[in-house]
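Since the structure comes first, as structure tokens, the remarks are kept for the end.
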Amino acid sequence: DAGVTQSPTHLIKTRGQQVTLRCSPISGHKSVSWYQQVLGQGPQFIFQYYEKEERGRGNFPDRFSARQFPNYSSELNVNALLLGDSALYLCASSGGGSWTANTEAFFGQGTRLTVV
Amino acid sequence: DQQVKQNSPSLSVQEGRISILNCDYTNSMFDYFLWYKKYPAEGPTFLISISSIKDKNEDGRFTVFLNKSAKHLSLHIVPSQPGDSAVYFCAARNTGNQFYFGTGTSLTVIP
């Protein structure tokens, strides 16, 4: 049974460019969340989606956006990239009957984004 | 605003001994707490969790303790094994199912 899969695994972009990261949740999971992990820090919450609706947003600028598709996969978009956007971007999926269900989040291996 | 804190960036323990990793939080509305283990170049792996209505949860060598009055939780690993060497993250969930992570503690188990 496949876990959370993310693509690509590594990415190098230039300042000012736009990037799209992709995530496929565990089969049957309807909740997808995105996190940014900067070196030496813990993951920071960016977005949560459940049943294709945004359920939560962290303290990130409007350059960050996301969406969830009918098959529950998700994309994270970042516009006008800055050097400070260089980080590991993690996607996590959760099961449960509702978006507030008491369940753990299962993480993918992440996408390493480098902005030069 | 760091709502979940892990004040020890690193910990070294001899194989076979107990490892104790600590975590403090500030938001009394957190209702679910988790520990994740992370190896380099991998995403965090879920280890163990505890609901805010409990004060202890045990799973094999891993036990998590929650002290709500002190807003403190800890992870005990007994006995510690070299394969336990990794970065451990404490996480707390709010009622909106959003997870807040600490900065991690790097555990090294010395053979």
Side-chain angles (χ1 to χ4, degrees), chain A residues 2-7 9-10 21 23-26 29-51 53-60 87-112, chain B residues 1-10 21-27 29-54 57 59 62 64 66 75 86-106:
Chain A
V4 178
T5 57
Q6 292 185 244
S7 63
T9 54
H10 294 84
L21 311 181
C23 172
S24 293
I26 291 172
H29 285 190
K30 299 178 180 179
S31 177
V32 171
S33 298
W34 288 94
Y35 293 80
Q36 181 195 64
Q37 185 176 16
V38 175
L39 195 63
Q41 300 294 318
Q44 297 292 312
F45 172 74
I46 309 176
F47 287 110
Q48 187 207 22
Y49 277 78
Y50 180 84
E51 288 281 18
E53 290 190 17
E54 182 183 301
R55 298 292 184 174
R57 173 185 286 254
N59 189 23
F60 281 81
L88 179 68
Y89 288 84
L90 294 162
C91 172
S93 77
S94 300
S98 73
W99 64 289
T100 57
N102 211 12
T103 60
E104 61 271 21
F106 295 88
F107 285 84
Q109 85 283 3
T111 294
R112 173 70 62 188
Chain B
D1 181 22
Q2 192 72 27
Q3 298 189 50
V4 178
K5 299 177 183 179
Q6 293 176 256
N7 293 319
S8 298
S10 63
L21 295 93
N22 294 303
C23 176
D24 297 293
Y25 62 95
T26 58
N27 189 341
M29 298 303 292
F30 288 143
D31 64 355
Y32 190 54
F33 302 88
L34 311 93
W35 285 94
Y36 284 85
K37 181 167 74 171
K38 187 178 186 302
Y39 295 113
E42 294 183 10
T45 302
F46 170 73
L47 199 55
I48 193 170
S49 64
I50 187 167
S51 166
S52 59
I53 62 174
K54 296 185 176 181
N57 187 29
D59 183 3
F62 303 90
V64 55
L66 176 62
L75 174 69
V87 177
Y88 288 77
F89 290 99
C90 166
R93 192 199 74 158
N94 66 8
T95 52
N97 206 34
Q98 296 157 5
F99 293 83
Y100 293 83
F101 285 79
T103 52
T105 296
S106 179

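Reckoned from all heavy atoms, side chains included, excluding hydrogens, waters and symmetry mates.
The two residues B:F46 and A:A105 make their nearest non-hydrogen contact at CB-O, 4.4 Å. Taking all atoms of both residues into account, the shortest heavy-atom contact from B:G43 to A:L90 is CA-CD2, 4.0 Å.
Heavy atoms of A:Q6 lying under 4.5 Å from chain B are absent altogether. Residue B:Y100 does not touch chain A at all, counting heavy-atom pairs closer than 4.5 Å.
Note: A:G42 leads A:G110, A:G42, A:G40 in heavy-atom pairs under 4.5 Å with chain B.
We find the CZ-CZ distance between B:F99 and A:F107 to be 7.5 Å, quoted to the nearest 0.5 Å. One finds the OG1 atom of B:T103 at 9.5 Å from the CD atom of A:Q44 (value rounded to the nearest 0.5 Å).
Taking the six-membered ring for Trp and thresholds of 30 and 60 degrees, A:Y35 and B:F101 have ring planes more than 60 degrees apart, a perpendicular arrangement.
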